[in-house]
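What follows is a short report on a single structure.
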Amino acid sequence: QVQLVESGGGSVPTGGSLRLSCVASGFRHSGYCMGWFRQAPGKERELVSSIDSDGITIYVDSAKGRFTISRDNDKNTVYLQMNSLKPEDTAMYYCAAANEVWYGDHWGLPNRPQDYTYWGQGTQVTVS
């Protein structure tokens, strides 16, 4: 049974930090791209960051310089370190897993929710 279980969310003041964790089970985590998405009320789900099996990463512009994604394949875990948090970072954060996608001339990290196969239940992040 495939499971992605997120933890580490909470309420923090502006400028604070949080470290989200996502533990995967039931599939070969190391062979997948792992992503963090977020969804605020009334807004579409958006990719925050993703990391492939080689450690290559992508970030949404608003997260660059503040968030860091990493993975520990021995622990089947992916992390999202979030620093300098802002009220606009408030959202439910989801962990997801996907295979690479073909971009016409190369394989690369997927950046759309529909490209991701497995999803966690989410962890709430509130910044005020």
Side-chain angles (χ1 to χ4, degrees):
Q1 180 181 0
V2 172
Q3 274 195 315
L4 294 174
V5 180
E6 304 97 334
S7 62
S11 295
V12 296
T14 299
S17 297
L18 285 172
R19 188 194 196 203
L20 306 185
S21 300
C22 171
V23 180
S25 61
F27 67 105
R28 193 174 66 89
H29 160 269
S30 61
Y32 279 76
C33 301
M34 299 299 298
W36 285 100
F37 285 78
R38 65 186 177 190
Q39 188 167 20
K43 294 189 176 182
E44 293 187 351
R45 190 169 296 191
E46 68 167 350
L47 178 71
V48 177
S49 182
S50 186
I51 184 169
D52 71 5
S53 57
D54 294 323
I56 295 173
T57 59
I58 57 173
Y59 295 90
V60 68
D61 285 346
S62 61
K64 290 178 182 177
R66 300 188 299 126
F67 295 3
T68 303
I69 192 171
S70 61
R71 66 191 299 166
D72 184 337
N73 290 333
D74 291 337
K75 295 182 178 179
N76 292 333
T77 302
V78 61
Y79 305 97
L80 186 68
Q81 178 67 45
M82 305 188 295
N83 299 327
S84 302
L85 283 162
K86 305 175 182 180
E88 51 264 44
D89 296 317
T90 295
M92 185 70 78
Y93 283 69
Y94 298 91
C95 173
N99 291 304
E100 287 189 328
V101 297
W102 180 245
Y103 286 101
D105 59 353
H106 70 280
W107 291 96
L109 282 160
N111 57 19
R112 306 178 306 170
Q114 56 263 44
D115 294 325
Y116 283 75
T117 305
Y118 304 128
W119 290 86
Q121 292 301 306
T123 185
Q124 178 68 37
V125 171
T126 303
V127 186
S128 59

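The distance from atom CG of N99 to atom CH2 of W107, rounded to the nearest 0.5 Å, is 8.5 Å. In this structure, K86 NZ and E88 CD are separated by 5.5 Å, a value rounded to the nearest 0.5 Å. Atom CZ in R28 sits 8.0 Å away from atom OG in S53 (nearest 0.5 Å). Atom-to-atom distance recorded for D72:CG and S30:OG is 11.0 Å, nearest 0.5 angstrom. Atoms OG1 and CH2, from T123 and W36 in turn, are 7.5 Å apart once rounded to the nearest 0.5 Å.
The aromatic ring centres of Y94 and Y116 sit 6.0 Å or more apart.
Residue V78 is grouped with residue V2 when hydrophobic side chains (ILVMFWY) are merged at heavy-atom distances under 4.5 angstrom, including chains of intermediate members. Both I69 and L20 sit in one connected hydrophobic cluster of ILVMFWY residues. Membership requires side-chain heavy atoms under 4.5 Å apart, directly or through other members. Each of F37 and L4 belongs to its own hydrophobic cluster when Ile, Leu, Val, Met, Phe, Trp and Tyr are linked at side-chain heavy-atom distances under 4.5 angstrom. Linking Ile, Leu, Val, Met, Phe, Trp and Tyr residues whenever their side-chain heavy atoms come within less than 4.5 Å places V127 and Y93 in a single cluster. Under the 4.5 Å side-chain heavy-atom criterion for grouping Ile, Leu, Val, Met, Phe, Trp and Tyr, W119 is connected to M92 within one hydrophobic cluster.
With R38 as the partner, the side-chain contact (heavy atoms from CB on, under 4.5 Å) test is satisfied by one option alone out of V48, V125, L80: V48.
With a 4.5 Å cut-off on side-chain heavy atoms, P87 and T14 count as touching. Counting heavy atoms from C-beta on, the side chains of C33 and P110 come closer than 4.5 Å. Within the 4.5 Å cutoff, side-chain heavy atoms of N73 are placed close to those of H29. In this structure, the side chains of M82 and D89 stay at 4.5 Å or more apart for every pair of heavy atoms. Looking only at side-chain heavy atoms (C-beta outward), F67 and L85 come within less than 4.5 Å of each other. With a 4.5 Å cut-off on side-chain heavy atoms, Q124 and T90 count as touching. You'll find the side chain of Y59 stays beyond 4.5 Å of the side chain of R66, heavy atoms only.
C95 and M34 get closest at one heavy-atom pair: SG-CE, 3.8 Å. What you find for D61 and K64 is that their closest heavy atoms are OD1-NZ, 3.0 Å. Residues S17 and V12 approach most closely at O-CG1, 4.0 Å, considering heavy atoms.
Residue E44 qualifies as open at atom CD: its count of foreign heavy atoms under 6.0 Å is 12 or below. Around CD of Q81, the count of heavy atoms belonging to other residues, nucleotides or ligands within 6.0 Å exceeds 12.
No donor-acceptor pair closer than 3.5 Å links the side chain of T117 to the backbone N or O of A98. Side-chain atoms of D54 never come within 3.5 Å of backbone atoms of I56 as a donor-acceptor pair (strictly under, hydrogens ignored). Without hydrogens or angle criteria, R71 side chain to D52 main chain gives a donor-acceptor distance under 3.5 Å. Checking side-chain atoms of E6 against main-chain N and O of Q121 turns up a donor-acceptor pair under 3.5 Å. Although no hydrogens or angles enter the test, the distance criterion places a donor-acceptor pair under 3.5 Å between the side chain of S49 and the main chain of I58.
Judged as a ring pair (Phe, Tyr, Trp, His ring centres under 6.0 Å), and not counting sequence neighbours, the contacts of Y32 are F27, Y118.
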In sequence, state the C-alpha distance, the side-chain angles, and the governing distance for L47 and V60, and then conclude on side chain to side chain contact (heavy atoms under 4.5 Å, CB included).
-> CA-CA 7 Å; L47 178 71; V60 68; over 6 Å; no

